[in-house]
Amino acid sequence: MLRMSTLLLRTLRDDPADAEVASHKLLVRAGFVRRIAAGIYSWLPLGYRTYRKIENIIREEMDAAGFQEVHFPALLPKDPYEATNRWAEYGPDLFRLQDRKKNDFLLGPTHEEMFTLMVKGEFSSYKDLPLSIYQIQTKFRDEPRPRSGIIRGREFVMKDSYSFDVDDAGLEVSYNKHRQAYVKTFDRLGLKYNIVSAMSGAMGGSKSEEFLAPCPTGEDTYVLCNGCGYAANVEAMVTITAPYKGDKVGAIEVLDTPNTPTIDSLVELFNSKYSANISAADTLKNVLLMADEKPISVLVPGDREVDLKRLGANISGVKDLRLFEDADFAKFPKLVKGYVGPQDAKEFGLKLYADPRVVEGSHWVTGANKKDKHAKNVTCGRDFIVEEYVEAAEVKAGDSCPKCAKAVVIDRAIEIGHIFQLGRKYAQSLGLTVLDKEGKPVVVTMGSYGIGVSRAVAAIAEQTYDELGLCWPSEIAPADVHIVATGKEDHPFDVAEQIAKDLEAKGLEVLLDDRREASAGVKFKDAELIGIPKIIIVGKSLADGKVEIRDRKSSSKQEVVLADVVKTIVQ
RNA sequence: CGGGGCGUAGCGUAGUGGCUAGCGCGCCUGCUUUGGGAGCAGGAGACCGUGGGUUCGAAUCCCUCCGCCCCGACCA
């Protein structure tokens with residue numbers, strides 16, 4: 001039994017100054033966590049109970065799916081991470097340290113290497129597969145910017161699983177098993193979530209889905225179709241287009257358009273000076289970028305920005321992508337800033353990419369590659385040739401769903417799980433093979449599956465809190481029942497004590513507020529802040545042989561005679 | 001790494017060159033109170049982030065470093 005009189009707990013009346021999001025404020029105020037350094041938190045007794053319940057639910061569901069739990073060190077030698085080149089690739093995000101002999105070590109940011117090597121060390125036959133193993137482990141990432149309390153920390157707990165299969169069909173099966181297990185897990189955790197396709201498949205065809213818990217303070221943006229349920233990370237959102245059906249237009253006309261370096265100024269001048277009736281969507285924006293230090297141009301309709309994240313995720317064969325700077329314009333004097341058009345891309349040595357909306361036959365108002373001049377009737381396929389189509393334009397609410405063409409909405413969410421088909425990358429570089437039926441070695445194919453355990457605490461808090469405080473779903477609350485004894489006589493305290501014992505005998509966990517000095521008001525506030533789903537108040541109505549039972553979430557109250565308390569709670 | 005903000009008691013904060021650094025919450029003692037963050041009285045608790053400088057005098061002005069928060073870049 002937890003007793004408020006002895007619990008290591010001090011609730012705070014004021015929000016901590018360094019907290020911004022609700023889960024952070026409330027978890028600190030309710031005495032669940034304390035900050036130790038940026039992105040590094042301690043768990044106090046109440047918080048740790050909730051944390052462990054989440055961990056246990058995840059563990060139960062993994063075990064139920066037939067996955068085996070293992071445990072690796074958090075402190076790891078450099079070697080395996082050199083073999084996969086991540087010692088170098090991970091960069092400053094990796095916490096590195098040395099032992100007394102000056103050997104390099106790291107604090108594991110993720111454990112693909114360890115899992116792969118463990119399987120390599122034990123198994124060597126196709127008969128041993130499929131295999132799925134997991135661990136619940138503290139991970140370390142020296143994030144450039146930890147934020148939002150425990151939603152994004154530098155030390156955090158993750159459940160990570162890996163599947164090992166002989167072939168792609170097997171990987172598909174393992175992937176789907178994990179997907180199912182995740183659905184069960186998040187349902188039990190009481191989270192609302194969407195399963196969202198995370199990558200379009202442009203990148204090596206590896207399948208990947210994210211489990212996103214919608215919440216306004218989330219840092220991920222995704223699109224959702226309320227018509228058919230399609231959901232995708234903005235990076236993976238696919239643009240649907242129709243073939244151009246408009247009129248054919250005449251040859252390019254170059255027009256004087258002084259002082260129109262922006263789309264807005266261009267549209268305004270165009271319509272007034274040339275009595276046209278165009279909108280930003282009729283203009284073509286030529287966004288110049290450096291892709292691995294080679295100049296490229298990305299064409300998007302003038303009413304949209306280029307979304308660098310989308311472009312980066314969808315452009316193939318490019319590692320480093322950045323917008324043109326003045327120094328770059330200096331290197332390419334033929335490119336007139338603000339008046340670039342795709343007509344002369346070849347001559348300029350620009351690789352021409354375009355958003356799918358720039359369809360064959362469509363014509364545009366765009367730069368004439370001369371200062372203060374724009375061109376109209378610039379037609380795709382005639383006046384310029386798109387070398388490669390790429391998803392580059394920002395996604396807007398109201399864009400068409402690629403499945404059913406209805407308007408999509410854009411929402412924010414916390415990423416609580418991520419599953420994907422890793423393929424053979426790690427098995428290859430670490431030499432994980434098994435012998436097939438013919439006795440030939442085949443490289444194993446892997447899947448990788450993560451759940452943010454500590455993050456889930458915050459995500460659930462975010463989705464369930466109200467103006468009074470935290471409000472936990474019953475499976476993960478720090479206790480099942482919070483009993484508050486009020487008054488100055490011994491009697492209510494004795495009764496509360498007895499109810500607590502009776503409930504415990506039924507297998508329920510109880511937090512008993514047995515503080516004699518605290519006023520009733522303080523105890524009520526604390527109970528609401530802490531957010532245990534059932535609150536029993538022993539006091540006033542004891543005169544009628546009754547106690548009050550409150551539901552934290554609905555705020556509903558009922559008076560129950562003592563003899564019925566346990567029965568009422570248990571049902 | 002770029003931009004912005006902040007560091008004063010466990011928490012929230014006041015204090016823009018001048019006495020012993022102030023207040024609220026929390027904490028301790030006593031009395032009163034006990035169904036909505038109680039009242040009175042008394043108390044403990046601060047190297048004012050660090051180091052240097054200016055000055056008769058620095059929490060306050062200047063420089064350095066460190067830490068923290070927000071926006072962006074970044075994020076299996």
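Because the structure is predicted, anything quoted here is derived from the model rather than measured. Both backbone and side-chain heavy atoms feed into the values below; hydrogens, waters and symmetry mates do not. So you know, we letter chains A, B, ... as the sequences are listed, proteins then strands, and number each from 1.
Contacts of A:L308 with the nucleic acid, taken as non-hydrogen atoms under 4.0 Å apart, are absent. Contact annotation for A:F420: backbone-only contact, meaning every heavy-atom pair under 4.0 Å involves sugar-phosphate atoms and none involves a base. Within 4.0 Å (heavy atoms only), A:K309 reaches at least one base atom of the nucleic acid. Within 4.0 Å (heavy atoms only), A:T11 reaches at least one base atom of the nucleic acid. Here A:E548 lies in heavy-atom contact (under 4.0 Å) with a base. When heavy atoms are screened at a 4.0 angstrom cut-off, A:T84 is found touching no nucleic acid atom at all.
Look at the C1' atom in both B:G45 and B:G2: the space between them is 41 Å, to the nearest Å. Nucleotides B:U20 and B:U34 are separated by 39 Å at their C1' atoms, to the nearest Å. Comparing the same atom, C1', in B:U64 and in B:G22 gives a spacing of 30 Å after rounding to whole Å. Rounded to whole Å, the separation between the P atoms of B:C23 and B:G43 comes to 12 Å. As rounded to the nearest Å, B:C70 and B:C63 have P atoms that lie 26 Å from one another. Between B:G7 and B:G15, the two P atoms lie 10 Å apart (nearest whole Å). B:G4 and B:U8 have their C1' atoms separated by 22 Å, with the value rounded to a whole Å. When the P atom is compared between B:G57 and B:C19, the two are found 15 Å apart, to the nearest whole Å.
Base pairing of B:A41 is made with B:U29, judged by Watson-Crick or G-U wobble geometry with both donor-acceptor distances under 3.5 Å. Here B:C23 sits opposite B:G12 as a Watson-Crick or G-U wobble pair (both hydrogen-bonding atom distances under 3.5 Å). Across all strands shown, the partner of B:G67 is B:C6, judged by Watson-Crick or G-U wobble contacts whose two distances both fall under 3.5 Å. Here B:C1 sits opposite B:G72 as a Watson-Crick or G-U wobble pair (both hydrogen-bonding atom distances under 3.5 Å). Both distances falling under 3.5 Å, in either a Watson-Crick or a G-U wobble arrangement, occur for no nucleotide opposite B:U60. Remark: B:C48 base-pairs with no nucleotide; criterion is Watson-Crick or G-U wobble with both hydrogen-bond distances under 3.5 Å.
The side chain of A:R35 sits closest to B:C68 out of B:G37, B:C68, B:A73. Closest to the side chain of A:R550, out of B:G26, B:G37, B:G36, is B:G36. Candidate nucleotides B:C27, B:C68, B:A38 were compared by shortest atom distance to the side chain of A:V522, and B:A38 ranks first. Here the nucleotide nearest the side chain of A:A38, chosen from B:C70, B:C69, B:G37, is B:C69. The A:R29 side chain lies nearest to B:G37 when the options are B:A73, B:G37, B:C68. The nucleotide whose nearest atom lies closest to any side-chain atom of A:F524 is, among B:C70, B:G12, B:G36, B:G36. Out of B:G35, B:C69, B:U13, the shortest distance to the side chain of A:A17 is found at B:U13.
The CD atom of A:E517 sits 14 Å away from the C1' atom of B:U29 (whole-angstrom rounding). What separates CZ of A:R516 from C1' of B:G35 is a distance of 16 Å, to the nearest Å. Rounded to an integer number of Å, the gap from CG of A:L468 to P of B:G37 is 13 Å. Atom CG of A:D544 is separated from atom C1' of B:G35 by 14 Å (rounded to the nearest Å). When rounded to the nearest whole Å, the span between CG of A:D142 and C1' of B:C1 equals 13 Å. Straight-line distance from the NE2 atom of A:H482 to the P atom of B:G36: 17 Å, rounded to whole Å. The CZ-C1' distance, from A:R515 to B:A38, rounds to 14 Å in whole Å. Rounded to an integer number of Å, the gap from A:E20 CD to B:C69 C1' is 8 Å.
Between the side chains of A:Q498 and A:D494, no donor N or O sits under 3.5 Å from an acceptor N or O. Donor-acceptor pairing under 3.5 Å is lacking for the side chains of A:D160 and A:Q137. Between the side chains of A:Y222 and A:N194, at least one donor-acceptor pair of N or O atoms lies under 3.5 Å.
Taking 4.0 angstrom as the limit, A:R145 places a side-chain polar atom (N or O) nearer than this to OP1 or OP2 of B:C71. Taking 4.0 angstrom as the limit, A:R13 places a side-chain polar atom (N or O) nearer than this to OP1 or OP2 of B:G26. For A:S519 and B:A38, the shortest distance from a side-chain N or O to OP1 or OP2 is below 4.0 Å. Here A:K525 does not reach the OP1 or OP2 of B:G37: none of its side-chain N or O atoms lies under 4.0 Å away.
Along RNA chain B, the nucleotide nearest A:G149 and the nucleotide nearest A:L542 are compared for position; the residue whose nucleotide lies closer to the 5' end is A:L542. Comparing A:H418 and A:K488 against RNA chain B, the residue whose closest nucleotide sits nearer the 5' end is A:K488.
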Evaluate the criterion side chain to side chain donor-acceptor pair (under 3.5 Å) for residue pair A:R86 and A:Y426; output intermediate values, then yes/no.
CA-CA 11 Å; A:R86 285 166 109 188; A:Y426 290 93; 3.2 Å; yes
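Counting non-hydrogen atoms of neighbouring residues, nucleotides and ligands closer than 6.0 angstrom, the CD atom of A:Q180 reaches no more than 12 such neighbours.
A salt bridge does not link A:E548 with A:K540: none of the charged nitrogens is closer than 4.0 Å to a carboxylate oxygen. Electrostatic pairing of A:K546 and A:E559 does not count as a salt bridge here, judged by no charged N lying under 4.0 Å from a carboxylate O.
You'll find a donor-acceptor pair under 3.5 Å spanning the side chain of A:E528 and the base of B:G36, going by distance alone. For a distance-only test at 3.5 Å, the side chain of A:D15 fails to qualify as a donor-acceptor partner of the base of B:G12.
Under the side-chain contact (heavy atoms from CB on, under 4.5 Å) rule, A:K534 has a single partner from A:D551, A:L503, A:V510, which is A:D551. Here the options are A:I451, A:V157, A:I460, the test is side-chain contact (heavy atoms from CB on, under 4.5 Å), and the partner is A:I54; only A:I460 passes.
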